[in-house]
Visitor: 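Dropping a structure here in structure tokens format, bear with me for questions.
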Amino acid sequence: MSLYPAGRFPAYRPRRLRQTPVLRQLVSETQLNVAQLVLPLFARSGRKLRRPISAMPGVFQLSPDELLREARRAHELGIPAVLLFGIPDRKDDKASGAYAAKGIVQQTVRLLKKELPKLFVITDVCLCEYMDHGHCGLVQRDKTGARILNDSTLRLLARSATSHVEAGADMVAPSDMMDGRVRAIREQLDKLGFDQTPIMSYAAKFASAFYGPFREAAESTPQFGDRRSYQMDPANASEALREVALDIQEGADIVMVKPALAYLDILYRVKSEFGYPTAAYAVSGEYSMVKAGATKGWVDERAITLESLLAMRRAGADILITYAAADVARWLKEG
Ligand code: PBG
């Protein structure tokens with residue numbers, strides 16, 4: 001049966017409500033708010049270091065002191081949370097830097113929580129930035145090639161997550177896509193008394209070309225092969241829903257869809273199917289494309305960024321993770 005029975009529908013004339021800005025705002029179905037934004041930041045060791053990432057204008061690898069400045073500026077604009085990635089000085093085949101008590105992320109978290117206690121600090125939990133081969137898990141090589149060792153990777157992920165929380169992280173976000181990692185991290189956190197610390201899981205993470213610029217930023221390009229054995233096939237939507245269901249069963253508090261703009265259908269289905277707190281990650285490639293177009297004068301950066309984020313909200317995202325968060329906060333303030 002139709003939602004709009006004939007004869008009754010024409011009585012409503014939305015056009016009138018669109019005439020004045022106040023009314024438009026009062027009846028708008030979706031809002032974009034600074035309180036929904038998360039800013040990703042890249043930490044690496046050093047002092048006064050701001051190393052530009054060529055494919056992501058405005059984004060830098062930052063030493064902890066500089067990262068603190070950037071986080072403070074964002075927080076003053078009303079951005080409630082940051083998402084931290086680390087680039088270690090040395091990489092190996094066990095990702096030691098990922099769970100070192102004095103690792104770059106652990107160090108930066110301590111500094112942020114000391115100087116900005118109200119800033120909500122989320123850490124990305126993954127091994128790729130810390131592995132010499134650039135994969136997200138332990139790799140076994142033999143005559144037949146190389147394989148990712150899913151189950152032995154879980155222990156290292158749980159160790160990384162707990163080391164972040166011990167340093168003061170408010171939430172951990174596993175992005176590795178190993179099977180069973182949410183449960184492994186949950187159990188380890190609970191065991192150590194961190195049962196109140198939530199997990200935001202990269203639940204539907206697709207093997208995507210949109211991550212290209214990030215791999216420059218995090219220096220995590222796989223040295224052989226690709227991530228298709230553990231990240232999802234862009235052709236599959238039902239599989240994404242199954243992945244999300246599994247992560248919820250394993251104890252995820254927030255589920256994420258990534259990338260965002262090319263996967264709005266997934267976002268919509270995840271939100272309608274589970275009604276769970278849902279995050280959308282507007283990834284590096286999405287950011288770079290807008291920047292490139294804007295630099296050429298081909299698109300309006302502000303309009304296109306705000307419209308894209310609004311579309312993610314409309315599709316079902318509660319949380320918006322975006323490299324443009326500080327600009328967005330400024331634009332929202334200007335009105
Ligand atoms: C690490 C990780 C990646 C991103 C977030 N965490 C890269 C990847 O899976 O290759 C991508 C973020 C972005 O492109 O902005 N596993």
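Positions are given from 1, in the same order as the sequence printed here. Please read these numbers as outputs of a predicted model, since none were measured by experiment. Remember, it's 1-based here, ligands and their atoms both numbered in the order they're listed.
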Visitor: Are Lys113 and Asp170 within salt-bridge range, i.e. N to O under 4.0 Å?
Guide: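 So Lys113 pairs with Asp170 through a salt bridge.
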
Visitor: Would you mind running through ligand 1 and noting each atom that sits below 4.0 Å from a heavy atom of Ser175?
Guide: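 Those qualifying, in numeric order: 1 (C), 2 (C), 6 (N), 16 (N).
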
Visitor: Show which atoms of ligand 1 fall inside a sub-4.0 Å distance from at least one heavy-atom site of Lys258.
Guide: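 Near Lys258, the atoms of ligand 1 are 2 (C), 3 (C), 4 (C), 5 (C), 6 (N), 11 (C), 12 (C).
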
Visitor: Just by distance, do the side chain of Glu286 and the backbone of Leu261 share a donor-acceptor pair under 3.5 Å?
Guide: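 Checking the backbone N and O of Leu261 against the side chain of Glu286, a donor-acceptor pair under 3.5 Å is found.
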
Visitor: With a 4.0 Å cut-off on heavy atoms, is Met177 in contact with ligand 1?
Guide: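 Outside the 4.0 Å threshold, so no.
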
Visitor: What protein heavy atom lies closest to atom 14 (O) of ligand 1? Include the residue and the distance to one decimal.
Guide: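 Result: Ser284 OG, 2.7 Å.
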
Visitor: In ligand 1, which numbered atoms sit nearer than 4.0 Å to a non-hydrogen atom of Lys205?
Guide: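 This gives 1 (C), 2 (C), 3 (C), 6 (N), 8 (C), 9 (O), 16 (N) as the contact atoms.
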
Visitor: Could you list which atoms of ligand 1 come closer than 4.0 Å to a heavy atom of Arg227?
Guide: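 Every atom of ligand 1 under 4.0 Å from some heavy atom of Arg227: 8 (C), 9 (O), 10 (O).
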
Visitor: Enumerate the atoms of ligand 1 whose separation from the nearest heavy atom of Tyr323 is less than 4.0 angstrom.
Guide: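 Near Tyr323, the atoms of ligand 1 are 12 (C), 13 (C), 15 (O).
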
Visitor: Treating His135 as the side-chain partner and Gly137 as the backbone partner, does any N or O pair qualify as donor plus acceptor under 3.5 Å?
Guide: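 Not a single qualifying donor-acceptor pair exists.
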
Visitor: Go through ligand 1 atom by atom and flag the ones less than 4.0 Å from a non-hydrogen atom of Cys128.
Guide: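 In order of number, 1 (C), 16 (N).
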
Visitor: So which bit of Cys136 gets within less than 4.0 Å of ligand 1, heavy atoms only: side chain, backbone, both or neither?
Guide: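 The side chain, only.
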
Visitor: Whether the side chain of Asp124 engages the backbone of Leu84 through a donor-acceptor N/O pair (distance < 3.5 Å, no angle test) should be reported.
Guide: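 No.
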
Visitor: With a cut-off of 4.0 Å, which atoms of ligand 1 are near a heavy atom of Asp124?
Guide: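 Once the distances to Asp124 are compared, the set is 6 (N).
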
Visitor: Give me the nearest non-hydrogen protein atom to atom 12 (C) of ligand 1 as residue plus atom name, then the distance to 0.1 Å.
Guide: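 So the nearest neighbour among protein heavy atoms is Phe214 CD1, 3.3 Å.
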
Visitor: Ignoring hydrogens and angles, tell me if any N or O in the side chain of Glu29 forms a donor-acceptor pair with the backbone of Val27 under 3.5 Å.
Guide: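 Not at all, since once roles are kept as given, no pair shorter than 3.5 Å links the two residues.
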
Visitor: If the cut-off is 4.0 Å to any non-hydrogen atom of Gln231, which atoms of ligand 1 fall inside it?
Guide: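 By the 4.0 Å cutoff, the relevant atoms are 8 (C), 9 (O).
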
Visitor: Between the main-chain N or O of Arg302 and the side-chain N or O of Asp300, is there a donor-acceptor pair closer than 3.5 Å?
Guide: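 Judged by distance alone, yes, a pair lies under 3.5 Å.
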
Visitor: Do any N or O atoms from the side chain of Glu273 and from the backbone of Val270 form a donor-acceptor pair under 3.5 angstrom?
Guide: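 No.
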
Visitor: What I want to find out is whether Arg73 reaches Glu70 closely enough, with some N-O distance under 4.0 Å, to be called a salt bridge.
Guide: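 Result for this pair is yes, salt bridge flagged.
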
Visitor: Return yes if some donor-acceptor pair links the side-chain N/O of Lys114 with the main-chain N/O of Val109 below 3.5 Å, else return no.
Guide: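 It does not hold such a pair.
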
Visitor: Can Tyr287 be said to touch ligand 1, with heavy atoms closer than 4.0 Å?
Guide: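 Under 4.0 Å: no for Tyr287.
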
Visitor: Report the part of Cys126 (side chain from C-beta onward, or backbone N, CA, C, O) that has a heavy atom under 4.0 Å from ligand 1; answer both or neither where that applies.
Guide: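 The side chain, only.
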
